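In what follows, a single structure is set out as structure tokens and then discussed.
Source: prediction; values computed, not measured.
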Amino acid sequence: MSFVSVKAKTWFNWIRKEFTGDQYWKWLKASYSKNTTSKSALMTGDLLLIKARLPYQQEEQELNQLAMIVKDPSDKLREAYSLSPSENLFALEANISASNKKEISLLPLQDLLATYKDLYGQDLLYVYRQLELPDRKEKDDETFPGLENWLLALKGKHYAKDQEALIHLILDKNVPSTDSPSLSSQLISATYQEMGLIKKEELYKYLRADFIRQIRHGWEMTRISLLRGAALCSGKMLELGKQS
């Protein structure tokens with residue numbers, strides 16, 4: 001994984017210092033205004049970073065939630081997750097459910113987008129990162145042969161503590177209490193390993209590094225190299241007006 005450069009960090013820290021509050025959000029949205037994509041371009045393995053302001057916090061803070069796109073899932077996955085046959089784009093994420101349990105979800109992308117819009121209104125930005133993959137086949141089960149069974153095995157899984165998150169579930173390994181990457185970034189790191197994009201022996205390093213720490217706050221311009229000649233391309237703003 002290629003980590004963001006010191007120069008990029010310094011530049012962005014300067015931006016955050018110079019622009020705060022509404023000024024920062026205007027700058028952030030303007031920075032993506034000419035670099036957009038529609039939902040029709042989304043493919044399995046692409047990432048969606050959801051940025052939102054948290055107005056109820058005393059200090060200016062942001063939500064940075066990560067989801068992975070699953071396109072045209074199999075009939076088995078649709079049945080297991082009770083997915084609508086009329087939808088073709090879904091989002092894999094780990095979050096707190098309505099029953100106040102932390103769980104793994106595969107839900108229609110449109111539902112996920114609507115939920116966050118209801119919560120945060122206009123203080124919201126969806127950043128899309130394409131998974132560039134030179135050996136992608138026409139069908140996902142040929143491109144990622146282990147993905148279906150992995151997602152089926154995750155159905156109904158819950159976890160009790162943020163700091164443990166998916167580490168015990170996936171690796172059955174103790175983690176120091178100081179390591180608490182986001183739940184969804186841990187889930188997606190492990191899913192990428194099942195997709196052949198991360199070495200198994202390096203998975204723990206990816207889990208600790210936390211995808212979100214690399215792609216939040218404008219760091220989306222940093223290309224992340226993966227296995228199979230794959231890469232996460234620079235970020236684009238997802239246009240919600242165009243339907244898939």
- Query: Side chains of Glu93 and Ser184: do they bring a donor and an acceptor to under 3.5 Å?
  - Reply: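 The answer is no; no qualifying pair exists.
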
- Going by atom types only, do Gln110 and Lys39 share a side-chain donor-acceptor pair under 3.5 Å?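 Looking only at side-chain atoms, Lys39 and Gln110 do form a donor-acceptor pair, the distance falling under 3.5 Å.
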
Enter the distance from [X]:[atom1] to [Y]:[atom2] here, rounded to the nearest 0.5 Å.
X: Thr44; Y: Leu89; atom1: OG1; atom2: CG; answer: 8.5 Å
X: Asp141; Y: Leu77; atom1: CG; atom2: CG; answer: 10.5 Å
X: Leu226; Y: Tyr192; atom1: CG; atom2: OH; answer: 6.5 Å
X: Gln130; Y: Leu47; atom1: CD; atom2: CG; answer: 11.0 Å
X: Leu113; Y: Asp118; atom1: CG; atom2: CG; answer: 11.0 Å
X: Leu92; Y: Trp150; atom1: CG; atom2: CH2; answer: 9.5 Å

Heavy-atom pair with the smallest gap, counting every atom of [X] and [Y]:
X: Gly45; Y: Leu131; result: O-CB, 3.6 Å
X: Ser86; Y: Ser84; result: OG-OG, 2.7 Å
X: Leu152; Y: Ala80; result: CD2-CB, 3.7 Å
X: Ala67; Y: Ala91; result: CB-CB, 4.1 Å

Do [X] and [Y] come within less than 4.5 Å of each other through their side chains, counting heavy atoms only?
X: Phe144; Y: Leu133; result: yes
X: Thr191; Y: Gln193; result: no
X: Tyr128; Y: Leu42; result: yes
X: Pro73; Y: Leu83; result: yes
X: Ile50; Y: Leu112; result: yes
X: Leu66; Y: Leu187; result: no

- Task: Begin from the C-alpha positions of Val70 and Tyr81 and carry the test side-chain contact (heavy atoms from CB on, under 4.5 Å) through to its verdict.
- Result: CA-CA 12 Å; Val70 177; Tyr81 283 89; over 6 Å; no

- Check: Ser105 side chain, Leu107 main-chain N or O, donor-acceptor pair, under 3.5 Å: no

- Task: Mind running side-chain contact (heavy atoms from CB on, under 4.5 Å) on Val127 and Lys51 for me, showing each step along the way?
- Result: CA-CA 8 Å; Val127 179; Lys51 296 171 174 283; 3.8 Å; yes

- Test log, rule side-chain contact (heavy atoms from CB on, under 4.5 Å), inputs Leu109 and Leu48: CA-CA 10 Å; Leu109 175 63; Leu48 185 64; 3.8 Å; yes

- Query: Which is it for Met68 and Asp46 under the side-chain contact (heavy atoms from CB on, under 4.5 Å) test, yes or no, and what are the steps along the way?
  - Reply: CA-CA 6 Å; Met68 190 190 90; Asp46 292 348; over 6 Å; no

- Kindly state each residue pair satisfying salt bridge (Lys or Arg N to Asp or Glu O under 4.0 Å) with at least one member in residues 71-89, sequence neighbours excluded.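 Listed by first then second residue: nothing to list.
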
- Note on the structure: The complete set of salt bridge (Lys or Arg N to Asp or Glu O under 4.0 Å) pairs with one or both residues in residues 131-140, sequence neighbours excluded, reads Glu132-Arg223, Asp135-Arg228, Arg136-Asp140

